Amino acid sequence: MSKSSVSVSDSDKEKDAFFVVRKGDIVGIYKDLIDCQAQVGSSVYDPPVSVYKGYSLLKDTEECLSTVGLKKPLYVFRALDLKEDMFGALTPCLFQDQLPSASMSVEKLAELEPSADTSYETCIIEFDGASKGNPGLSGAAAVLKTEDGSLIFKMRQGLGIATNNAAEYHGLILGLKHAIEKGYTKIKVKTDSKLVCMQMKGQWKVNHEVLSKLHKEAKQLSDKCLSFEISHVLRSLNSDADEQANMAARLSEGEVEVA
């Protein structure tokens, strides 16, 4: 075989290459090395990471996996859902200090030990919205905490003119986006907005056009999580988010502050 033929063959092979990232109990499939590298360090608390490269992603595999989850993946799913012959042989990539030197089957990938502490996966989101006039100058806010109550950060965003209900939805969307970007896969939401809570649970209909679009965006984000819970709480238990939302209403439209 000529050198030019070998070059073309290798080039065609690389076009079909993909990367498998096992991070804790989550497996992500990436097409681009840059996106793969970004995911390796995306979590606030990084569990051990294993990265492998493959070339034989079967059509049946593509059809059975869904395009939801982590940052720019082709697919994402739980390690428990790994099946035999999904990827063919996988070659280790040097993203960490110690990796097996031989190719790895999907069975071995599934057997890798996840981090003993999986609390990093759960994020508590408290959110609220404020409108000075309803509609009027408005703002949205989200407070992100770990499951033990430790603060991750507070965020607030100016929205310009909006209703109070729209501002509340923006608060939920703000929190979900940044929790997912930080690598959290289990989300628990607390809110004093009964309307947003009941609509997200599917128990109340969404009839307003603007709220319908915001509701759809929030649902799409929540569907990217391994688990999503939302519960209604008294206003007194949502004071942090309420305070941030009132501060957000003073910001210009689109301005975001992190505290």
Side-chain angles (χ1 to χ4, degrees), residues 23-26 39-49 68-71 76 78-79 113-130 138-159 164-165 167-201 203 214 217-251 256-259:
K23 188 170 188 178
D25 288 324
I26 308 302
Q39 174 55 32
V40 169
S42 66
S43 292
V44 175
Y45 302 104
D46 284 291
V49 176
V68 296
L70 307 177
K71 190 176 182 181
V76 62
R78 296 174 302 174
E113 289 295 326
S115 171
D117 178 11
T118 57
S119 63
Y120 74 95
E121 292 184 353
T122 301
C123 177
I124 308 297
I125 298 176
E126 299 170 2
F127 74 88
D128 207 350
S138 61
V143 178
L144 275 61
K145 299 178 180 179
T146 59
E147 199 164 24
D148 65 5
S150 300
L151 177 67
I152 302 172
F153 56 70
K154 302 177 182 180
M155 297 192 65
R156 47 185 179 262
Q157 179 180 10
L159 302 174
N164 190 66
N165 288 336
E168 289 173 337
Y169 261 111
H170 277 288
L172 173 58
I173 291 168
L174 185 69
L176 284 173
K177 280 183 176 179
H178 286 83
I180 292 170
E181 286 178 2
K182 290 293 184 183
Y184 290 100
T185 58
K186 298 179 182 178
I187 307 293
K188 294 182 180 180
V189 177
K190 298 179 181 180
T191 178
D192 62 8
S193 172
K194 190 170 184 179
L195 179 127
V196 173
C197 180
M198 299 301 282
Q199 288 181 343
M200 287 298 293
K201 287 183 175 181
Q203 296 179 12
L214 293 171
E217 184 177 357
K219 286 293 289 182
Q220 288 174 339
L221 288 168
S222 67
D223 287 344
K224 292 183 178 182
C225 307
L226 285 182
S227 66
F228 174 82
E229 300 175 17
I230 185 168
S231 58
H232 181 253
V233 299
L234 296 175
R235 186 173 182 180
S236 60
L237 299 177
N238 200 41
S239 58
D240 287 348
D242 177 70
E243 178 184 16
Q244 293 297 314
N246 280 290
M247 293 171 66
R250 306 186 194 117
L251 301 177
V256 176
E257 291 183 348
V258 179

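Values in this document were obtained by computation on a predicted structure and should not be read as measured data. Quick note: numbers below take in every heavy atom, side chains included, and nothing from hydrogens, waters or symmetry partners.
Closest approach of N246 and D242 over heavy atoms only: ND2-O, 2.9 Å. A pairwise comparison of heavy atoms in Y169 and L195 identifies CE1-CD2, 4.3 Å as the closest pair. The two atoms that bring C123 and A179 nearest to each other are SG-CB, 4.0 Å, heavy atoms only. Scanning both residues, C197 and I230, for their nearest heavy atoms gives CA-CD1, 3.9 Å. Between G139 and A167, the shortest heavy-atom contact is O-CB, 3.6 Å. Across every non-hydrogen atom of A248 and Q157, the tightest pair is CB-O, 3.5 Å.
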Residues N164, E168; criterion side-chain hydrogen bond (donor to acceptor under 3.5 Å, both in side chains); working and verdict: CA-CA 6 Å; N164 190 66; E168 289 173 337; 3.3 Å; yes
Working for side-chain contact (heavy atoms from CB on, under 4.5 Å), residues H232 and M198: CA-CA 8 Å; H232 181 253; M198 299 301 282; over 6 Å; no
Stepwise side-chain contact (heavy atoms from CB on, under 4.5 Å) check, E257 with L251: CA-CA 9 Å; E257 291 183 348; L251 301 177; 3.4 Å; yes
Worked check of side-chain contact (heavy atoms from CB on, under 4.5 Å) between Y184 and L144: CA-CA 11 Å; Y184 290 100; L144 275 61; 5.6 Å; no
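Contact check for D192 versus L237: no side-chain heavy atoms found under the 4.5 Å cut-off. The side-chain heavy atoms of V196 and N165, taken from C-beta on, include no pair separated by under 4.5 Å. Under the 4.5 Å side-chain criterion, counting only non-hydrogen atoms from C-beta, M200 is in contact with L172. Taking the side chain as every heavy atom from C-beta outward, H178 and L174 approach each other to under 4.5 Å. Between F228 and L176, some side-chain heavy-atom pair lies under the 4.5 Å cut-off.
How far OG of S222 is from CD1 of I180: 8.0 Å, rounded to the nearest 0.5 Å. Taken to the nearest 0.5 Å, the CD1 atom of I124 stands 9.0 Å off from the NZ atom of K145. Taking CE of M247 as the start and CZ of R156 as the end, the distance is 3.5 Å to the nearest 0.5 Å. In this structure, I173 CD1 and L221 CG are separated by 6.5 Å, a value rounded to the nearest 0.5 Å. Atom NZ of K188 and atom OG of S227 lie 7.5 Å apart (nearest 0.5 Å). In this structure, CG in D128 is found 7.0 Å from CZ in R235, a value given to the nearest 0.5 Å.
Atom NZ of K194 has 12 or fewer neighbouring heavy atoms from other residues, nucleotides or ligands inside a 6.0 Å radius.
For K177, the salt bridge (Lys or Arg N to Asp or Glu O under 4.0 Å) partners two or more places apart in sequence, or in a different chain, are E217. Applying the salt bridge (Lys or Arg N to Asp or Glu O under 4.0 Å) test to E229 and every residue at least two apart in sequence or in another chain returns nothing.
Electrostatic pairing of E126 and K190 does not count as a salt bridge here, judged by no charged N lying under 4.0 Å from a carboxylate O.
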